Novice: 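Questions regarding the structure given below will be posed in turn.
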Amino acid sequence: MTTGTIFNFFNLLKEDGISFAYRGSFSNSVLAMATELIKNNMDEEHSKLRNKLSFLMIESFQNIARYADNDEENQDPTPTSDFFMVRNVGNIFFVISANLIDNDKVPLVRDRLTKVNTLTKKELNEFYREVLTNKQINQKGGAGLGFIEMVRKTEDKLPFDFVKVNEEKSMFFMQIQLRNPNVENPSEDVSIEDAKFIQKNIASEKILMMHKGSFSQDAVGPVLKMVEDNMHNMKLKMQKKIYHFLVEILQNISKHSFVLDGEREGIFLMGMNGGRFEVGTGNYIASSKVDSLKAQLDLVNSMDNEALNHLYRKYLREGRVTETGSAGLGLIDLARETEDKIKYEFTPVTDEYSFFSLTVKF
Amino acid sequence: MSEPFILEKSKTSPGIEFDRDKGVFKIGGRSIVEDPNGFYMPIYEWLETYVKAPNPYTEFVFDLEYFNSSSARQVMKVIMLLEEIEKTGNKIKVIWMYEEGDEMSQERGQEIKLVSKLDFEIQEYPSDDEIDF
């Protein structure tokens, strides 16, 4: 992950009101946090969709758990690890899933999806009852009702695709589309190809979690909780360290970012590369603040740990009141906890504001 | 005399218990408040009154599982206020508690001890395994 990666993802998802992607092993706690995160961050105009969207997220999530033919367990994520994403573009919410399935199951899944995508509402209801009373329950416990429910709930088709990985497995992509009928903001179609493209990029950058949206304290909580829930097999020291980084970085976005159209928008990425965690953030910042922030970053990057400790302790006693009231300790702390330097980039967007991206490894 | 100062802890702010009659002075939990100045203001106000006429012996306990960098400065400000107690000829001791295995809290305590001028003891307590973030 580089500072360029962050800017690219931010631009790729530029039109997204909110977007959240997750890759790796799936547990109920991830699902709970993902639904909370999305709920907390839905604009008021979409609030009526909340329950439906939660339902669809759960269906999609469980579909991954149920159908995925994934041999790996608790291993580092690979390019074909399970993938889940929710994004809002215009008046549509998309729930995207991608997982490996055995090639010999592809025809069955394709037939089912093709069928539900062509049925009328009435036919769909009939088909639903037919499947309900049918004894042919598939091995994994699902009765094929999931797809029918998704189409009934969204009154839209389920775009899907299969990408062959090798002689045994394929990657199965599916996109649930939930439209807000009360919002007149016809969005351009987002095809399943976009989903494939995003998944590919997230996997190749070894990203485990990505969240773009408005960074308020409410939004930060679930992100922290989710990360924490996924660190249980780690030592307490490492958990604390990661937690500490995230608090500092996420609060930084929510405090210092440039308010554009009433929102403090930002992107947060977390990845694992070569056994080390990488965290990246990106947000707009007023161009007038760029020079002083850059000076602070260069200063902490130029110091060794001893000098950083000295400065930290000095500020601790004497304080250093900045315009936002923080003590300036955050950056020093970030610098002394990372082994590498803090990498950053400022990209001017307009005269008024720039895009600020930052990555740290630990 | 001053009334006790009690605040329940929340997901983002620590619990506070200051009771001079009981001799209990404790800040515990997590401090990741976004507006540390606002949160700590009433705490200073209470302590400012207290340090002018403290108990003969004050044992002040910090049991912070986690605090963000802007809260670090506030914790230090509390400690610097407590330094006033010594000027009145009374005794003050700080106990910094951390859970076994929590090296970060331990290190943070050691660092604050370094910059504080008080009798400062760091105490470990056994881990209960489950971390309740």
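Bear in mind the structure is a predicted one, so any value in this text is a computation, not a measurement. Below, chain A is the first sequence line, B the second, and so on; all start at residue 1.
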Novice: Would you check if there is a donor-acceptor pair between the side chains of B:Gln123 and B:Tyr125 at a distance under 3.5 Å?
Specialist: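 Checked: B:Tyr125/B:Gln123 side chains show no N/O donor-acceptor pair below 3.5 Å.
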Novice: Strictly by salt bridge (Lys or Arg N to Asp or Glu O under 4.0 Å), give each pair with a member in residues 352-362 of chain A just once, sequence neighbours left out.
Specialist: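 Found A:Glu278-A:Lys361.
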Novice: Is there a donor in the side chain of A:Glu345 and an acceptor in the side chain of A:Ser357, or the other way round, less than 3.5 Å apart?
Specialist: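 The answer is no; no qualifying pair exists.
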Novice: With a 4.5 angstrom heavy-atom cut-off, could you sort out which part of B:Gln106 is near chain A: side chain, backbone, both or neither?
Specialist: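 For B:Gln106, no heavy atom lies under 4.5 Å from chain A.
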Novice: Sort by residue number and list every residue of residues 108-118 of chain B having at least one heavy atom under 4.5 Å from chain A.
Specialist: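 Answer by number: B:Arg108, B:Glu111, B:Ile112, B:Leu114, B:Val115, B:Ser116, B:Lys117.
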Novice: Give me each pair satisfying salt bridge (Lys or Arg N to Asp or Glu O under 4.0 Å) with a member in residues 75-90 of chain B, each pair once, sequence neighbours excluded.
Specialist: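 For residues 75-90 of chain B: A:Arg317-B:Glu83, B:Glu84-B:Lys87.
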Novice: So is B:Lys93 actually on top of B:Tyr57's ring, under 6.0 Å and inside 45° of the axis?
Specialist: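 Cation-pi check for B:Lys93 and B:Tyr57: fails.
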Novice: Please, which pairs that meet side chain to side chain donor-acceptor pair (under 3.5 Å) have at least one residue in residues 300-312 of chain A, sequence neighbours excluded?
Specialist: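 Matches after skipping sequence neighbours: A:Asn309-A:Arg336.
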